[in-house]
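Here the structure comes first, spelled out in structure tokens, and everything after it is commentary.
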Amino acid sequence: MGKKKAVCRMIAVLWATIFLFGTLAPESVQAAAVANRIKAVSGIYPNGSYYNSYETVTIEKNGYRQSIIGHECAGFVMYVTRQVFQDTYYTGSPSYRQIYRTVSTKNTSEMKRLFSRAKIGDVIRWTGNGGRHQAIFLKKSNLGIQVYEANFGNDYNRVWYHHLWSWNNRTLWTSTASNVSVFRHKDYAKIDRMVKKVSLNKSRLSLRKGKKFKLAASVSPSNAYRKKITWKSSNPGVAKVYANGYVKGLKKGKATITATVRDGSGKKATCRVTVK
């Protein structure tokens, strides 16, 4: 009888574990993927873009085409969301739904409760005495919330990754950060498909001086959203590589041609070239 109870308990624990991981695992995997993608974006954000009209979205509304131009913090958020979700966030974007909104930030416990509903990659937007600002939500902790943002800094072009907005920063929460809204992409699970592997049609190549050969790059998965390749030669005086993948032998020697995908994944492939 005791053995039967023990077996029943084990089965119950097993089913509970399956249920728990079955319900939580997909969301945690999505969140981890979003986090990794945001981290990758932090490495490829164009330097000096903060004050430029870096992002432009053209939309058609009521039969009229209009352009929404992003600069400063808005342009930065537009850039990040385009890279992560293949879909740019802008004020009024139909692809993003409002998760919550609050008009008062003086109650810290209330703000903690509200931000506990936020997911990594959500857009935070507020208006207040300090003007308007946008940022990307990363996570909530007992200290405050971590955000990814572009803002004024000593160098006037600062991007903060994992910047802390502490709960005890009363200037932030009672003045600047009133009217807080949080927006989430309607297809949160469908983050971009990053490249997993880059392959070339040649790993070794022998060229005569003055001759050309076209290297062809292929990426997987085939449905990766950004497949553009950057080509580079380790010795351009020996073997020059063009933007279309053509390699030209210039003089005797050796060089390595590297094809790197431009999606921030860092995936690359190389070809060793010998010019005779």
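Scope of the values below: all heavy atoms of this structure, side chains included, with no hydrogens, waters or symmetry mates.
Every residue two or more places apart in sequence or in another chain was checked for a side-chain contact (heavy atoms from CB on, under 4.5 Å) with Lys232, and none qualifies. Under the side-chain contact (heavy atoms from CB on, under 4.5 Å) criterion, Thr270 pairs with Thr256, Thr258, sequence neighbours left out. Residues that satisfy the side-chain hydrogen bond (donor to acceptor under 3.5 Å, both in side chains) test with Ser222, not counting sequence neighbours, are absent from this structure. Evaluation of the side-chain hydrogen bond (donor to acceptor under 3.5 Å, both in side chains) rule for Arg97 yields no partner, not counting sequence neighbours. With sequence neighbours excluded, the residues that form a side-chain contact (heavy atoms from CB on, under 4.5 Å) with Thr108 are Lys112, Trp167, Arg170. Residues satisfying the side-chain contact (heavy atoms from CB on, under 4.5 Å) criterion with Val238, sequence neighbours excluded, are Asn235, Lys251, Val275. Evaluation of the side-chain hydrogen bond (donor to acceptor under 3.5 Å, both in side chains) rule for Ser95 yields Asp87 as partners, not counting sequence neighbours. Judged as a side-chain hydrogen bond (donor to acceptor under 3.5 Å, both in side chains), and not counting sequence neighbours, Ser220 has no contacts.
The shortest non-hydrogen separation linking Ala239 to Val247 is CB-CG1, 4.1 Å. Nearest heavy atom pair, residue Pro236 against residue Ser233, reads N-OG, 3.4 Å. Nearest approach of Val180 to Trp126, heavy atoms of both residues: CA-CB, 3.9 Å.
Arg37 is listed as a side-chain neighbour of Gln83, based on a closest heavy-atom distance under 4.5 Å. Thr102 is listed as a side-chain neighbour of Met111, based on a closest heavy-atom distance under 4.5 Å. Looking only at side-chain heavy atoms (C-beta outward), Phe137 and Ile145 come within less than 4.5 Å of each other. Side-chain contact check for Ile229 versus Val261: some heavy-atom pair is nearer than 4.5 Å. Side-chain contact between Glu149 and His133 is present, with at least one heavy-atom pair separated by less than 4.5 Å.
Aromatic pair Tyr148/Phe76: ring centres closer than 6.0 Å.
To the nearest 0.5 Å, atom CE of residue Met78 and atom CD of residue Gln134 are 9.0 Å apart. Note that CZ of Arg125 and CZ of Arg101 are 9.0 Å apart. Values are rounded to the nearest 0.5 Å. If you take NE2 on His163 and CD1 on Ile136, they are separated by 15.0 Å, rounding to the nearest 0.5 Å. One finds the OG atom of Ser166 at 13.0 Å from the CG atom of Asn142 (value rounded to the nearest 0.5 Å). Expressed to the nearest 0.5 Å, how far CD1 of Ile124 lies from CD1 of Ile99 amounts to 12.0 Å. Rounding to the nearest 0.5 Å places CZ of Arg184 at 9.0 Å from CZ of Phe85.
Annotation: Tyr242, atom OH; neighbour count of heavy atoms from other residues, nucleotides and ligands within 6.0 Å is above 12. Summarising the local packing, NZ of Lys268 is surrounded by 12 or fewer heavy atoms from other residues, nucleotides or ligands at distances under 6.0 Å.
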Start with the C-alpha distance between Gln146 and Lys140, add both sets of side-chain angles, then the distance that settles side-chain contact (heavy atoms from CB on, under 4.5 Å), and finish with yes or no. CA-CA 6 Å; Gln146 298 279 356; Lys140 179 187 77 71; over 6 Å; no
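For the pair Lys119 and Tyr188, the cation-pi criterion (under 6.0 Å, within 45° of the ring axis) is fulfilled.
For residues 88-113, every residue pair satisfying the ring-ring contact (aromatic ring centres under 6.0 Å, His included) rule, not counting sequence neighbours, is listed here: Tyr89-Tyr96, Tyr89-Phe183, Tyr96-His185, Tyr100-Phe115.
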Pairs under 3.5 angstrom only: tabulate donor-acceptor contacts from the side chains of residues 194-218 to other protein residues two or more places apart or in another chain.
{"from": "Asn201", "atom 1": "OD1", "to": "Ala216", "atom 2": "N", "distance (Å)": "2.8"}
{"from": "Asn201", "atom 1": "ND2", "to": "Lys214", "atom 2": "O", "distance (Å)": "3.4"}
{"from": "Lys214", "atom 1": "NZ", "to": "Asn244", "atom 2": "O", "distance (Å)": "2.5"}

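Cluster partners of Leu250: none. The rule joins Ile, Leu, Val, Met, Phe, Trp and Tyr whenever side-chain heavy atoms lie under 4.5 Å apart, and it links nothing here.
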